[in-house]
Amino acid sequence: MFIELHKRGLAYRKDSAVNWCPGCQTVLANEQVVAGLCERCDTAVTKKKLNQWYFKITDYADRLLDDMKELEGKWPDKVLTMQRNWIGRSQGANVNFVIEGRTEPVTIYTTRPDTLYGATFMVVAVDSELAAELASGTPAEGEFKTYLESVKAASDIDRLATDRPKSGVFLQRYAINPVNGEKLPIWASDYVLADYGTGAIMAVPAHDQRDLDFARAMKLPVRVVVQSDEEDPSVSGVATTGDGKMINSGSLDGLNKVDAITAINKQLEADGLGKSARNYRLRDWLVSRQRYWGTPIPIVHCQKCGEVPVPADQLPLTLPDAKGLDLKPKGQSPLAAATDWVNTSCPKCGAAALRDTDTMDTFVDSSWYFLRYPSSTNHNEPFSRADIDTWLPVDQYVGGVTHAILHLLYSRFFTKVTEPCTRLLNQGMVVMDGSAMSKARGNLVRLSDELENHGVDAIRLSMVFSGPPEDDVDWSDVSPSGSVKFLSRAWRLSGDVTSKPGVDFATGDIALRKATHKALHDAAFAVESFRFNVAIARVMELVNATRKTIDSGPGAADPAVREAVEAIAIMLSLVAPFTSEEMWERLGHKPAIATAGWPVVDEKLLVADVVEAVIQINGKIKERIEVPPTITDAEIEALALAHPTIAAELNGATPKKVIARAPKIVNIVL
RNA sequence: GCCCCGAUAGCCCAAUGGCAGAGGCAGAGGACUUAAAAUCCUCCAAGUGUGGGUUCGACCCCCACUCGGGGCACCA
């Protein structure tokens with residue numbers, strides 16, 4: 001996979017300030033840094049300048065975003081929203097500003113080109129090369145360097161803090177606003193990011209909160225160019241970001257936001273001063289890791305030929321023997337010490353060459369593991385086109401929401417052409433003492449003890465019955481002993497049945513037969529819609545009805561009892577295979593119940609003989625009557641109006657309106 | 001600050017816009033038993049977080065709010 005991506009220029013190396021986890025002693029992808037902490041070990045992540053391998057996921061940003069339309073309604077909205085936010089597409093414009101004393105203009109990115117006349121200063125990212133260049137040789141250089149050092153020293157966590165006061169340095173230089181020729185002071189600050197857009201912005205304090213905060217801190221002017229009813233931002237401290245009529249904006253005056261953006265973009269483009277542009281929050285996926293475990297990067301570095309992929313007949317490239325290697329995290333890949341493995345010859349020219357010693361992020365492997373499943377016995381290639389065409393995409397994927405922007409985004413990138421998983425269900429977590437069970441927290445249930453005490457069937461049943469699968473389940477609400485009781489109750493039924501296997505069910509008690517077929521029908525529907533807790537409730541109902549039929553009804557010998565108990569065993573086999581297998585044998589059947597198949601539901605047995613209908617007057621229930629299920633609207637309406645209770649209530653009055661919904665309800669409106 | 005999800009008996013949870021209760025836990029009473037356990041039977045409770053709206057009719061749809069959970073958060 002790596003080589004295929006490399007061939008297409010989608011796997012490449014670059015120098016960059018990367019996320020570095022001091023705990024794991026390895027680099028991390030943006031997606032693996034959660035609130036400034038390492039996703040694996042919760043250590044605060046720092047920055048380090050390194051040359052690393054990347055996958056060009058940004059080339060696919062638009063497709064990853066736009067193809068989500070296909071997943072609408074089939075994946076949880078939450079996951080789709082998270083992916084949309086993560087990709088973070090924004091539409092705006094690049095605008096060129098001439099810099100005094102510099103030949104090259106500086107390009108800035110803005111989503112609000114309409115507010116160009118409101119710009120009162122320019123800000124460049126303090127850690128960008130541009131900032132260093134602009135500062136050099138100015139009286140501000142010393143101050144700039146001090147500031148840059150202090151920013152570098154601050155961790156990501158500090159940087160993420162919300163109400164952090166704005167800081168920055170005036171670089172003693174000026175940019176010229178292309179639309180009105182104004183001289184704008186240029187500042188360097190850490191509130192502008194070096195790796196987003198062009199790393200430089202025009203500041204419009206009146207209509208951008210961050211710019212306003214900065215302007216107020218540095219005593220810079222604020223100019224309103226979009227009229228609004230709200231208080232002057234320079235007084236209120238709140239930037240006005242809504243729509244309104246343009247003012248103080250030359251030819252744009254009087255236009256609304258959308259029209260002004262169109263007009264200014266057109267004008268900038270005509271004058272060669274800028275053009276509309278798009279930006280993404282998504283960054284390329286950093287895949288190098290300095291760990292032993294992981295897939296080695298199949299590249300040989302040759303003095304002459306450069307990066308040479310390992311030839312196909314030498315794949316898969318396997319790791320060197322770990323024996324003798326120091327696998328402890330130490331900031332350099334442990335593979336580097338395996339000199340026998342590292343030293344090799346160039347596949348192209350045969351000269352001495354070195355293997356790449358980094359391994360890949362494990363998310364690389366999980367991005368396509370499901371492609372291997374249909375071809376698991378194929379020893380010639382990772383997967384075959386024919387198998388994939390037959391079996392994929394995955395119809396139903398079940399996984400935790402924790403992978404919303406990791407595994408689930410990477411997988412979509414790997415298979416982009418199509419979507420890897422048609423439907424997605426995020427199952428909930430098991431909660432104990434208020435938080436998700438985890439080894440790190442130590443709030444665990446000893447599963448072995450639970451299994452010892454209650455049996456695997458009861459534990460599994462408890463989990464499934466505790467609520468809908470997408471909800472979290474609090475362990476204190478789980479009752480394995482209740483499940484044990486229920487399973488015993490069901491199991492006992494199998495010993496009560498006295499009729500022989502193969503008996504004709506048609507001669508059995510009709511009431512129980514109806515209950516059985518309704519349970520089978522409803523449970524199947526519930527299972528297919530992932531409401532396992534409801535399916536179990538249907539089985540419990542049938543167990544109760546069967547118990548009653550045996551104890552105080554037609555008795556254990558009735559064929560309907562066998563039909564019911566067999567149905568119970570089969571339905572339970574989904575979550576309690578051991579118990580149901582025993583039931584199956586006690587019922588006189590050969591193993592295995594798994595091969596028994598779901599009993600065919602007799603539609604005729606699903607129809608009730610009589611149903612209870614409700615008669616309402618003005619939406620209030622006044623009477624209940626028994627009617628055949630086949631009754632028509634007109635018939636039930638006539639029955640209702642003729643009913644003595646209703647006639648008395650009406651007392652001769654003519655209803656304004658009668659709504660009949662046979663066979664359930666009649667509502668008489670007075 | 002912005003976005004999303006949720007709120008139904010003491011508890012976990014059901015209910016195509018049409019009788020609020022399917023199921024379980026807990027609780028009460030009873031049968032069986034010398035007794036207890038186990039088993040079996042019966043009973044018990046909320047009017048659906050709050051306030052409006054749409055509708056003949058709202059747990060369900062719409063608006064606002066409260067509380068709880070989650071996500072995003074200097075991305076110009």
Side-chain angles (χ1 to χ4, degrees), chain A residues 34-35 76-82 84-86 88-90 92-93 108-113 115 119 123 125 159-164 166 189-193 195-204 207-211 213-214 279-283 401 404-405 426 428 431 434 461-462 465-468 470-474 476-479 481-483 485-486 488-489 492 519 522 526 531 533-544 547-548 550-552 611-624 655-661 664-670:
Chain A
V34 179
D77 285 344
K78 185 181 175 174
V79 172
L80 297 180
T81 307
M82 284 170 77
R84 269 189 203 108
N85 290 342
W86 188 259
R89 179 160 69 191
S90 93
I108 61 96
Y109 174 71
T110 177
T111 54
R112 293 294 302 276
T115 61
V123 186
R159 223 187 141 143
L160 284 171
T162 17
D163 293 330
R164 202 156 145 267
K166 292 277 184 286
S189 174
D190 65 350
Y191 89 90
V192 170
L193 306 177
D195 59 352
Y196 182 80
T198 59
I201 63 152
M202 67 169 189
V204 185
H207 308 298
D208 182 285
Q209 192 58 49
R210 297 152 302 186
D211 296 346
D213 292 343
F214 192 83
N279 264 303
Y280 303 88
R281 225 193 73 121
L282 183 72
R283 305 284 191 270
V401 71
I405 51 170
N426 287 138
V431 172
L461 178 74
S462 299
F465 185 60
S466 64
E470 50 277 78
D471 285 9
D472 286 352
V473 46
D474 197 310
S476 60
D477 295 327
V478 171
S479 169
S481 58
S483 296
K485 239 166 81 178
F486 165 68
S488 316
R489 192 168 147 86
R492 240 177 278 123
D522 292 357
R531 285 146 58 238
N533 53 326
V534 179
I536 299 298
R538 293 290 97 84
V539 182
M540 288 175 167
E541 247 175 294
L542 184 57
V543 167
N544 293 342
R547 184 79 262 157
K548 228 171 247 179
I550 294 172
D551 291 350
S552 53
V611 293
E612 193 177 57
V614 175
I615 307 172
Q616 300 179 329
I617 294 180
N618 290 336
K620 297 268 180 287
I621 296 156
K622 294 294 178 186
E623 197 54 66
R624 293 149 199 274
K656 259 195 217 134
K657 198 170 176 186
V658 179
I659 291 111
R661 291 283 181 276
K664 282 171 159 177
I665 198 162
V666 179
N667 189 15
I668 298 160
V669 186
L670 293 179

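Order of the sequence lines fixes the chain letters, A, B, ..., with proteins taken first and strands second; residue numbering starts at 1 for each chain.
With values rounded to the nearest 0.5 angstrom, Arg538(A) atom CZ is found 11.0 Å from Leu542(A) atom CG. Here the straight-line distance linking atom CZ of Arg547(A) with atom CZ of Arg492(A) works out to 7.0 Å at 0.5 Å rounding. A distance of 9.0 Å separates CG of Asp208(A) from CZ of Arg112(A), quoted to the nearest 0.5 Å. The distance from atom CD1 of Ile201(A) to atom OH of Tyr191(A), rounded to the nearest 0.5 Å, is 4.0 Å.
Across all strands shown, rG53(B) is found opposite rC61(B) as a Watson-Crick or G-U wobble partner, with both distances under 3.5 Å. Under the Watson-Crick or G-U wobble criterion, with both distances below 3.5 Å, rG47(B) is left unpaired in every strand shown. For rG68(B), the paired base is rC5(B) (Watson-Crick or G-U wobble, both distances below 3.5 Å). The nucleotide rA28(B) finds its pairing partner in rU42(B), both defining distances of the Watson-Crick or G-U wobble pair being shorter than 3.5 Å. Of the nucleotides present, none pairs with rA76(B) by Watson-Crick or G-U wobble criteria with both distances under 3.5 Å.
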>> Under the criterion side chain to side chain donor-acceptor pair (under 3.5 Å), I'd like the reasoning laid out for Arg661(A) against Asn667(A): C-alpha separation, chi angles, the key distance, then a yes or no.
In response: CA-CA 9 Å; Arg661(A) 291 283 181 276; Asn667(A) 189 15; over 6 Å; no
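Side-chain atoms of Arg84(A) and Leu80(A), non-hydrogen and from C-beta on, do get closer than 4.5 Å to each other. By the 4.5 Å heavy-atom criterion applied to side chains, Lys485(A) and Ser481(A) are not counted as neighbours.
Between the side chain of Asp211(A) and the main chain of Val204(A), a donor-acceptor pair closer than 3.5 Å is present.
Closest approach of Thr111(A) to Ser90(A), counting heavy atoms only: CG2-OG, 3.8 Å. When every heavy atom of Tyr109(A) is checked against every heavy atom of Thr198(A), the shortest pair comes out as N-OG1, 3.7 Å.
Between rG24(B) and Asn544(A), a contact under 4.0 Å exists linking OP1 or OP2 to a side-chain N or O. One finds a side-chain N or O of Arg531(A) lying less than 4.0 angstrom from the OP1 or OP2 phosphate oxygen of rA15(B). Contact annotation: Arg538(A) does not reach the phosphate of rA14(B) (side-chain N/O to OP1 or OP2, under 4.0 Å). Residue Lys548(A) places at least one side-chain N or O under 4.0 Å from the OP1 or OP2 atom of rU42(B). Within the 4.0 Å cut-off from OP1 or OP2 of rA76(B), not a single side-chain nitrogen or oxygen of Tyr191(A) is found. For the pair Ser552(A) and rC41(B), the criterion of a side-chain N or O lying under 4.0 Å from OP1 or OP2 is not met.
Between the side chains of Asn85(A) and Arg281(A), no donor-acceptor pair is found at a separation under 3.5 Å.
For the C1' atoms, the distance linking rG17(B) with rU48(B) amounts to 15 Å, nearest Å. Taking atom P in both rG6(B) and rA64(B), the straight-line distance is 16 Å, to the nearest Å. Taking the P atom of each, rC60(B) and rG52(B) are spaced 14 Å apart, rounded to whole Å. Between rA36(B) and rC25(B), the two C1' atoms lie 23 Å apart (nearest whole Å). When the C1' atom is compared between rC41(B) and rC4(B), the two are found 48 Å apart, to the nearest whole Å. Atom C1' of rC11(B) sits at a distance of 15 Å from the matching atom of rC44(B), rounded to the whole Å. rU39(B) sits 41 Å from rG49(B) when the C1' atoms are compared, rounded to a whole Å. For the C1' atom pair drawn from rC12(B) and rA22(B), the interatomic distance equals 14 Å after rounding to whole Å.
Arg283(A) comes within 4.0 angstrom of a nucleotide base, judged by non-hydrogen atoms across all strands. Contact annotation for Lys166(A): base contact, defined as any heavy-atom pair under 4.0 Å involving a base atom. At a threshold of 4.0 angstrom between heavy atoms, the contacts of Pro76(A) with the nucleic acid are absent.
rG17(B) atom P lies 14 Å from atom CD1 of Ile665(A), rounded to whole Å. Separating the CG atom of Asp190(A) from the P atom of rA76(B) is a distance of 17 Å, rounded to the nearest angstrom. Between Gln209(A) atom CD and rG1(B) atom P there is a gap of 13 Å when expressed in whole angstrom units. In this structure, CG of Leu461(A) is placed 14 Å from C1' of rC12(B), rounded to the nearest angstrom. Rounding to whole angstrom units, CD1 of residue Ile536(A) and P of rG24(B) are separated by 12 Å. Between the CZ atom of Arg547(A) and the P atom of rU39(B) there is a distance of 11 Å, rounded to whole Å. Taking atom CD1 on Ile550(A) and atom C1' on rC41(B), their separation rounds to 15 Å, with Å as the unit. Rounded to whole angstrom, the span from the OH atom of Tyr109(A) across to the P atom of rA76(B) amounts to 6 Å.
Listed nucleotides rG24(B), rA22(B), rC13(B) differ in distance to Asn533(A); the shortest reach to its side chain belongs to rC13(B). Proximity note for Glu541(A) (side chain, C-beta onward) versus rC19(B), rG23(B), rC72(B): the nearest is rG23(B). Closest to the side chain of Met540(A), from the set rC41(B), rG24(B), rA76(B), is rG24(B). Listed nucleotides: rC40(B), rA14(B), rG23(B). Nearest to the side chain of Ala537(A): rG23(B).
With sequence neighbours left out, Asp77(A) forms a salt bridge (charged side-chain N to carboxylate O under 4.0 Å, His left out) with no residue at all. Here Arg283(A) pairs with Asp195(A) under the salt bridge (charged side-chain N to carboxylate O under 4.0 Å, His left out) rule; sequence neighbours left out. With sequence neighbours left out, Asp522(A) forms a salt bridge (charged side-chain N to carboxylate O under 4.0 Å, His left out) with Lys518(A).
Between Val534(A) and Tyr280(A), the residue anchored nearer the 5' end of RNA chain B, judged by the nucleotide with its closest heavy atom, is Val534(A). For Arg112(A) and Asp471(A), each mapped to the nucleotide of RNA chain B holding its nearest heavy atom, the one lying further toward the 5' end belongs to Asp471(A).
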Can you name the atoms? Protein N/O to nucleotides 25-28 of chain B N/O, anything below 3.5 Å, with the distance.
none

Using atom names, set out every protein N or O paired with an N or O of nucleotides 4-9 of chain B below 3.5 Å, distance rounded to 0.1 Å.
none

Check nucleotides 54-57 of chain B for protein N or O atoms closer than 3.5 Å to its own N or O atoms and list the pairs.
unit_1	atom_1	unit_2	atom_2	d
rC56(B)	OP1	Lys657(A)	NZ	3.3
rC56(B)	O2'	Asn667(A)	ND2	3.2
rC56(B)	O2	Asn667(A)	ND2	2.5

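Within 90° of 0 lies the glycosidic angle of rG47(B), which makes this nucleotide syn.
The base of rC19(B) does not come close enough to the side chain of Lys664(A) for any donor and acceptor atom to sit less than 3.5 Å apart.
For the pair Lys166(A) and Phe214(A), the cation-pi criterion (under 6.0 Å, within 45° of the ring axis) is not fulfilled.
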